[in-house]
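Only a predicted model underlies this, so the values are computations on that prediction, with no experimental measurement involved.
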Amino acid sequence: MTELTDPAPWTGPSSDPNDEQFGDVIETAALDSAGEYDAVLVGEPYDGAVIGRPGAREGPAAIRRELAGTKTHHVERGAVDAVADLGDVEIPPGGVERVQNAVRSVTAEVHATNTVPVFLGGDNSLTVPNAAPLLTHSTVGAISFDAHLDCRAVRDAPTSGTPYRQLHRAGLDTLAVVGARHFETSTAYHDYLAEQGGRVLSPDDVSGDPLGAVDEALAALGDVDAVYVSLDLDVLAAAAAPGVSAPTPGGLSTRELFRMLGHVAGDPRVAGFEVVECAPPLDDGTRTARVGARAVAHFLSGLGADR
């Protein structure tokens, strides 16, 4: 049976007692106490389904390291607290479908607790087990911050490019993709998403009004019961996040992304969040892992805003 590893203790690197960091406030916890926290972190060190360059299996550890030294204070929302780390999902050997099924057995237990899971990937194929448990009892819409639509047809096996095709088949009600690049996804897949009632917002749509773009994405989901939020770090401009499987030009700025994540987290229907495709071996130093950690921080800061 797939389980969670014991999480390592968190510490903040600063010696200043007034310099509170996430390493000072994130606690380690087990599943049976997860409901005592506003959010819990779950690592998923797997990149066996990536279409492009591997390396994302090292993402969870790198994001945790950068988050530990990140200050807890958001200027408008104050300090973040009530966060725990449940450890990493133990990834079994075998093909992608076996991994997805095994991970789902764990994520279903996490979703059953009274908290918001924050999954640290790992490649984009993990979106399937991360979101699928929500489909059992709720109508669900997904907001994907991504350069790509990830609606490819499943052929020999699932990949990092097929998660939303799989989730649609499993009952996902609708999908809005924010930040999808021009010239990155074929017309056939844009047509497929349109047939499913989906919505695509390009970086041009985000520019100048990122909060409006989030509101438009949420409106496109209709009155679903639950909202799942996915962040593939390749949605950012390649210079801001070079350590991803498929960096491409023309992406979002970190400022736009952070504002949108804090805003979307305030929707009371948000039932899960993930950061995927952080690949430290491909990074320029720790640039991408640092962005991933800040993305988590901005999302966590928004959880209590309007809920």
Query raised in the report: Who passes salt bridge (charged side-chain N to carboxylate O under 4.0 Å, His left out) against E216, sequence neighbours left out?
Result: R199
Report task. Evaluate the criterion side chain to side chain contact (heavy atoms under 4.5 Å, CB included) for residue pair V110 and L31; output intermediate values, then yes/no. Result -> CA-CA 7 Å; V110 178; L31 265 172; 3.8 Å; yes
Report summary line: Closest non-hydrogen atoms of L300 and F22, given as atom of the first, atom of the second and distance, are CD1-CE2, 4.0 Å
Requested in this report: Run the numbers on V178 and V214 for side chain to side chain contact (heavy atoms under 4.5 Å, CB included), then give the verdict.
Outcome: CA-CA 8 Å; V178 180; V214 169; 5.9 Å; no
Requested in this report: I would like to know whether V106 and E3 meet side chain to side chain contact (heavy atoms under 4.5 Å, CB included); could you show each step before the answer?
Outcome: CA-CA 7 Å; V106 176; E3 298 179 350; 5.9 Å; no
Report task. Determine whether L221 and V116 fall in the same hydrophobic cluster, where Ile, Leu, Val, Met, Phe, Trp and Tyr are linked whenever their side-chain heavy atoms lie under 4.5 Å apart. Result -> yes
**Report entry** Student check: side-chain heavy atoms of T139 and D223 closer than 4.5 Å
**Finding:** no
Query raised in the report: How far does CG of D173 sit from CG of L135, to the nearest 0.5 angstrom?
Result: 8.0 Å
Requested in this report: Output yes when a side-chain donor or acceptor of T5 lies under 3.5 Å from a complementary backbone atom of D88, and no otherwise.
Outcome: yes
Query raised in the report: More than 12 foreign heavy atoms under 6.0 Å from CG of N114: is that the case here?
Result: no
Query raised in the report: Would you say the side-chain atoms of D85 and T28 include a donor-acceptor pair closer than 3.5 Å?
Result: no
**Report entry** Side-chain donor or acceptor of T159 paired with backbone N/O of A49 under 3.5 Å
**Finding:** no
Requested in this report: Evaluate the criterion side chain to side chain contact (heavy atoms under 4.5 Å, CB included) for residue pair V25 and V80; output intermediate values, then yes/no.
Outcome: CA-CA 8 Å; V25 301; V80 177; 6.0 Å; no
Query raised in the report: Could you state the interatomic distance from CG (L86) to CG (D6), rounded to the nearest 0.5 Å?
Result: 11.0 Å
Query - By side chain to side chain donor-acceptor pair (under 3.5 Å) - contacts of R165 (at least two apart) - result: none
Query raised in the report: Would you say L218 and L231 are hydrophobically clustered, going by side-chain heavy atoms of ILVMFWY under 4.5 Å?
Result: yes
Query raised in the report: What do you reckon, is CG of D225 surrounded by more than 12 foreign heavy atoms closer than 6.0 Å?
Result: yes
Requested in this report: Establish, from distance only, whether the side-chain atoms of D123 and S125 form a donor-acceptor pair under 3.5 Å.
Outcome: yes
Report task. With sequence neighbours excluded, tell me which residues meet side chain to side chain contact (heavy atoms under 4.5 Å, CB included) with T286. Result -> E66, R290
**Report entry** Pairwise side-chain contact, R57 with I91, heavy-atom cut-off 4.5 Å (strictly under)
**Finding:** no
Query raised in the report: Is there a donor-acceptor pair closer than 3.5 Å between any side-chain N or O of D267 and the backbone N or O of V264?
Result: no
Query - Considering all heavy atoms, the nearest L175-L193 contact - result: CD2-CD1, 3.8 Å
**Report entry** Min side-chain heavy-atom separation L172-V140 under 4.5 Å
**Finding:** yes
Requested in this report: Only counting residues at least two apart or in another chain, list the ones meeting side chain to side chain contact (heavy atoms under 4.5 Å, CB included) with A237.
Outcome: none
Query - Residues in salt bridge (charged side-chain N to carboxylate O under 4.0 Å, His left out) contact with R287, at least two apart in sequence or another chain - result: D284
Query raised in the report: At what distance, to the nearest 0.5 angstrom, does CE of M260 lie from CG of D215?
Result: 11.5 Å
Query - Reported CD-to-SG distance for the pair Q196 and C151, which is rounded to 0.5 angstrom - result: 8.0 Å
Query raised in the report: Who pairs with T11 by side chain to side chain donor-acceptor pair (under 3.5 Å), at least two apart in sequence or on another chain?
Result: none
Query - Any donor-acceptor pair under 3.5 Å from N101 side chain to R98 backbone - result: no
Query raised in the report: Are any non-hydrogen side-chain atoms of H298 and L257 less than 4.5 angstrom apart?
Result: no
**Report entry** Side chain proximity check, L67 to W10, heavy atoms < 4.5 angstrom
**Finding:** yes
**Report entry** salt bridge (charged side-chain N to carboxylate O under 4.0 Å, His left out) partners of D19, counting only residues at least two apart
**Finding:** K71
Report summary line: By ring-ring contact (aromatic ring centres under 6.0 Å, His included), Y164 pairs with (sequence neighbours left out) none
Query - For F273, ring-ring contact (aromatic ring centres under 6.0 Å, His included) partners two or more places apart - result: F299
Report summary line: What one should report as the nearest heavy-atom pair of A238 and P247 is CB-CB, 4.0 Å
Report summary line: Correct closest heavy-atom pair for P280 and A62 would be CG-CB, 3.5 Å
Query raised in the report: V89 and V276: same hydrophobic cluster, using ILVMFWY side-chain contacts below 4.5 Å?
Result: no
Query raised in the report: Is V229 reachable from L201 through a run of I, L, V, M, F, W or Y residues, each pair having side-chain heavy atoms under 4.5 Å apart?
Result: yes
Query raised in the report: Which residues pass the ring-ring contact (aromatic ring centres under 6.0 Å, His included) test with H168, sequence neighbours left out?
Result: Y192
Report summary line: Between the CD1 atom in I143 and the OG atom in S230, the distance rounded to the nearest 0.5 Å is 11.0 Å
Query raised in the report: Do T72 and D81 touch side chain to side chain, with heavy atoms closer than 4.5 Å?
Result: no
Query raised in the report: Around D204, counting heavy atoms of other residues, nucleotides and ligands shown, do more than 12 lie under 6.0 Å from its CG?
Result: yes
Query raised in the report: Can you find a side-chain donor-acceptor pair between T288 and D283 that sits under 3.5 Å?
Result: yes
Query raised in the report: Under a single-linkage definition using a 4.5 Å side-chain heavy-atom cutoff for Ile, Leu, Val, Met, Phe, Trp and Tyr, are V235 and V50 assigned to the same hydrophobic cluster?
Result: no
Query - For Y46, ring-ring contact (aromatic ring centres under 6.0 Å, His included) partners two or more places apart - result: none
Query raised in the report: Sub-3.5 Å donor-acceptor pair from the side chain of S160 to the main-chain atoms of I51, do we have one?
Result: yes
Report task. Taking all heavy atoms of P13 and all of A68, pick out the closest pair and write down the distance. Result -> CD-O, 3.7 Å
Query - Main-chain N/O of N124 paired to E277 side chain as donor or acceptor, under 3.5 Å - result: yes
Query raised in the report: Under a 4.5 Å cut-off applied to non-hydrogen side-chain atoms, are V83 and V118 in contact?
Result: no
**Report entry** ring pair (Phe, Tyr, Trp, His ring centres under 6.0 Å) partners of residues 108-150, not counting sequence neighbours, each pair once
**Finding:** H111-F119
Query raised in the report: With a cut-off of 6.0 Å (strictly less than), are more than 12 heavy atoms of other residues, nucleotides or ligands near CZ of R294?
Result: no
Query raised in the report: About how many Å separate CD of Q166 and CD of Q100, when rounded to the nearest 0.5 Å?
Result: 4.5 Å
Requested in this report: Considering non-hydrogen atoms only, spot the tightest contact between D234 and R181 and give its length.
Outcome: O-NH2, 2.9 Å
